[in-house]
Every structure is written in C-alpha cells, then in structure tokens.
Amino acid sequence: MEIPLNQKSNGMYLFHCGDFDKIAELVLREQAPYMLEKAQPLEIEALADESYSLTIIDRCLSAHGSVLGMINFDDINVEVMSLEKKMIQERLMAGTIVVDASLMPEENHHRRRFTIAHEVSHWIIHRQMYYADGNKFNLRQSRPYIACRKANTSRDNRREFWSESDWLEWQADRFASSMLMPACVFYPVALAVMHRHHAGSYIIEGCGSKETASVITELTEIFDVSRTAVRIRLKQADMLRSLDVIVCD
C-alpha cells in the first residue's frame, strides 16, 4: 500500500497528527477490516505474520531490559542473549521482530502487544528509509535495523531538539496506537462507555474518580491494551482532562 503523504529527502513521511488515524485506517481496511466493524482487540501477531510476512521471536535484547524491541530491514548477524542468558551470534532474516524476553510474562501482556504493534509500524511507515536497493531514500550507512528503547522523559514535547531517532519512535508509537485503537471505532465506543458510567463527554484524572477508573478499565478490556495507552488515546481527543488543583472531600 502506498502511503499518500509527502516525504523528507531521507524518506521520512511528513505526518501531521491527524494523518496517523487516516493512514492506519487505510492499513486496517486493507489488512484487518474486522477492526473497523466493531470494537475488539487487533490480532497484532496475525497481522505481522499474514499481512507483512514478519517473524516474531523472543530474545534478551539488553542486560537491564532497556531495549524492548527491534526490527531489521535486511538480513543481519547480531549478537543477542538467549533465553538462557547466554550471548550468541544469530542470523536474522529481513523482517524479523525481536521482542525482549522481559515482556514474556503475562503481567507484561499489554506491553508486549504494543511493542509488536510499534515494530510493525516501523515496517509499514519507515521501511523505505532502509532499502538496500539503491533507492533514493536510504539511511543504511550505519545499520539496517531499528532498536527501540523504553520510553523516557528525554523524548517529550518540552525538548527544543528531537533527533531523527526520536521522530521515528514518536511516529511508530502514534501509528501503533492508531492501529490498536482505530479512531473511527475507539472514540464512539469511548463516548458510549462514558455515558454508561454517567461520566459525560469527558473524564477527569485525579482524586480517585470511580467513573474515570471504570471507563479506562472497560476500554482496556475491549481493546486489550494498557491503561496508559487508553489514557493517552483519550487525551488526544480531550476526552481525558487533568485539573491543576483538585480538592477532595
């Protein structure tokens, strides 16, 4: 599928905030149309395998779990840590998603799903930047893969300068969210859930609101995503608001 967006000279697509939902909907309409029919979890591993022929494996990517995922755009030899904690040389074919073994336990289920969606997003919207075929968009001088670290406060809106890597990660996060919770389905369902819990057209963070907790919990269960992912998605539409000062009875 061609992405109908302008590109920088290095091949990076010029996404505006609203573009993520539009392009993600095009992808889902072509590859997972069931996601646009009713609110449900995206079968992200099936999407990776059946739609993009991506292979998913689990390895220890870093000693302290600082790297959660990786995807390579060419065949490469890499040094990774096996599940037995032994350093090994491994040949990875192009289109391999490596998920850090720390995400294997059930309590990290949502984080693992989002990590896979994030890596699939890199494949969909950034692959053209890493082609080895002489394409005019080619950043392969350093490495033919992207290793994704845990999100941290260094990549936030307050920074005056974002590196190319920061933008790639931000785009992949936004695109993953748009695939896991497509706007055309998520927001109407979120509004219905709010009304069912007598929360109006938005909910408020803080002060232990039962309505807010119930809405976020229900949306988490419907889309099989984390509470953090739901909160971010609601904030993007001003459906989750924070008060600077909250007075609790």
Any [X] side-chain heavy atom under 4.5 Å of [Y] side chain:
{"X": "Gln236", "Y": "Met181", "result": "no"}
{"X": "Leu54", "Y": "Glu119", "result": "no"}
{"X": "Leu92", "Y": "Ile57", "result": "yes"}
{"X": "Glu169", "Y": "Ile146", "result": "yes"}

- Which residues pass the ring pair (Phe, Tyr, Trp, His ring centres under 6.0 Å) test with Tyr145, sequence neighbours left out?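 Applying ring pair (Phe, Tyr, Trp, His ring centres under 6.0 Å) to Tyr145 gives none.
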Those residues at least two apart in sequence (or on a different chain) that pass ring pair (Phe, Tyr, Trp, His ring centres under 6.0 Å) with His126 are His122
Determine, using the 4.5 Å side-chain heavy-atom cutoff (strictly less than), whether [X] and [Y] are members of one ILVMFWY cluster.
{"X": "Phe73", "Y": "Val78", "result": "no"}
{"X": "Ile44", "Y": "Trp123", "result": "yes"}
{"X": "Phe15", "Y": "Met129", "result": "yes"}
{"X": "Ile56", "Y": "Met70", "result": "no"}
{"X": "Leu234", "Y": "Val189", "result": "yes"}

Describe, in one word, how the ring planes of Trp167 and Trp170 are oriented to each other, choosing from parallel (under 30°), tilted (30 to 60°) and perpendicular (over 60°).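 Ring orientation, 0 to 90° scale: perpendicular.
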**Message:** Taking side-chain hydrogen bond (donor to acceptor under 3.5 Å, both in side chains) as the cut-off, I'd like each qualifying pair that reaches into residues 33-49, sequence neighbours left out, listed once.
**Reply:**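 Sorted result for residues 33-49: Glu45-Arg112.
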In chain order, what residues pass the side chain to side chain contact (heavy atoms under 4.5 Å, CB included) check against [X], with sequence neighbours excluded?
{"X": "Ala24", "result": "Phe175, Ser178, Met179"}
{"X": "Glu30", "result": "Met1"}
{"X": "Leu191", "result": "His195, Ser201, Met239"}

Can you tell me how far apart [atom1] ([X]) and [atom2] ([Y]) are? Round to the nearest 0.5 Å.
{"X": "Ser121", "Y": "Arg174", "atom1": "OG", "atom2": "CZ", "answer": "12.0 Å"}
{"X": "Ser214", "Y": "Ile203", "atom1": "OG", "atom2": "CD1", "answer": "9.5 Å"}
{"X": "Ile76", "Y": "Thr96", "atom1": "CD1", "atom2": "OG1", "answer": "8.0 Å"}
{"X": "Ile125", "Y": "Phe20", "atom1": "CD1", "atom2": "CZ", "answer": "6.0 Å"}
{"X": "Met87", "Y": "Gln89", "atom1": "CE", "atom2": "CD", "answer": "8.0 Å"}
{"X": "Lys235", "Y": "Ser242", "atom1": "NZ", "atom2": "OG", "answer": "4.5 Å"}

Kindly determine whether Ile3 and Gln128 satisfy side-chain contact (heavy atoms from CB on, under 4.5 Å), including the steps that lead there.
CA-CA 11 Å; Ile3 296 178; Gln128 78 286 345; 5.9 Å; no
Tell me the closest heavy-atom pair linking [X] and [Y], and the distance in Å.
{"X": "Gly69", "Y": "Thr115", "result": "CA-CG2, 4.0 Å"}
{"X": "Ala101", "Y": "Cys60", "result": "CB-SG, 3.8 Å"}
{"X": "Leu180", "Y": "Ala117", "result": "CD1-CB, 3.9 Å"}
{"X": "Met12", "Y": "Leu168", "result": "CE-CD2, 3.6 Å"}
{"X": "Ala176", "Y": "Phe114", "result": "CB-CZ, 3.9 Å"}
{"X": "Val225", "Y": "Ala229", "result": "CB-CB, 4.2 Å"}

(Q) Among Lys22, Met35, Glu25, exactly one meets side chain to side chain contact (heavy atoms under 4.5 Å, CB included) together with Cys184. Which residue is that? (A)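 Exactly one option meets the side chain to side chain contact (heavy atoms under 4.5 Å, CB included) with Cys184, and it is Glu25.
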Test your reading of the model: is there a side-chain donor-acceptor pair from [X] to the backbone of [Y], 3.5 Å cut-off?
{"X": "Glu211", "Y": "Ala199", "value": "no"}
{"X": "Asn108", "Y": "Ser102", "value": "yes"}
{"X": "Asp75", "Y": "Met93", "value": "no"}
{"X": "Thr212", "Y": "Glu205", "value": "no"}
{"X": "Ser226", "Y": "His110", "value": "no"}

- If you look only at pairs with a residue in residues 81-105, which of them pass as a ring-ring contact (aromatic ring centres under 6.0 Å, His included), with sequence neighbours excluded?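 Output for this query is empty, none listed.
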For residues 214-236, the ring-ring contact (aromatic ring centres under 6.0 Å, His included) pairs (sequence neighbours left out) are Phe186-Phe223
Note to self: Tell me whether the count of non-hydrogen atoms from other residues, nucleotides or ligands lying under 6.0 Å of CG in Asn6 goes above 12.
What the structure shows: no
Other residues, nucleotides, ligands: >12 heavy atoms within 6.0 Å of Tyr52 OH: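 Correct, the count exceeds 12.
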Using side-chain hydrogen bond (donor to acceptor under 3.5 Å, both in side chains) as the criterion, list what pairs up with [X], not counting sequence neighbours.
{"X": "Glu221", "result": "none"}
{"X": "Tyr187", "result": "Arg233"}
{"X": "Ser51", "result": "Gln31"}

### Message
Under the criterion side-chain contact (heavy atoms from CB on, under 4.5 Å), I'd like the reasoning laid out for Leu28 against Leu42: C-alpha separation, chi angles, the key distance, then a yes or no.
### Response
CA-CA 9 Å; Leu28 294 175; Leu42 174 63; 4.1 Å; yes
Audit row: Leu61, Leu68, side-chain contact (heavy atoms from CB on, under 4.5 Å) steps and yes/no: CA-CA 7 Å; Leu61 287 173; Leu68 294 182; over 6 Å; no
Legend entry - Working for side-chain contact (heavy atoms from CB on, under 4.5 Å), residues Arg113 and Ile116: CA-CA 5 Å; Arg113 273 176 51 78; Ile116 294 172; 6.0 Å; no
Pairs involving residues 87-104, ordered by first then second residue, that meet salt bridge (charged side-chain N to carboxylate O under 4.0 Å, His left out) (sequence neighbours left out):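 Pairs touching residues 87-104 that pass the test: Arg59-Glu90.
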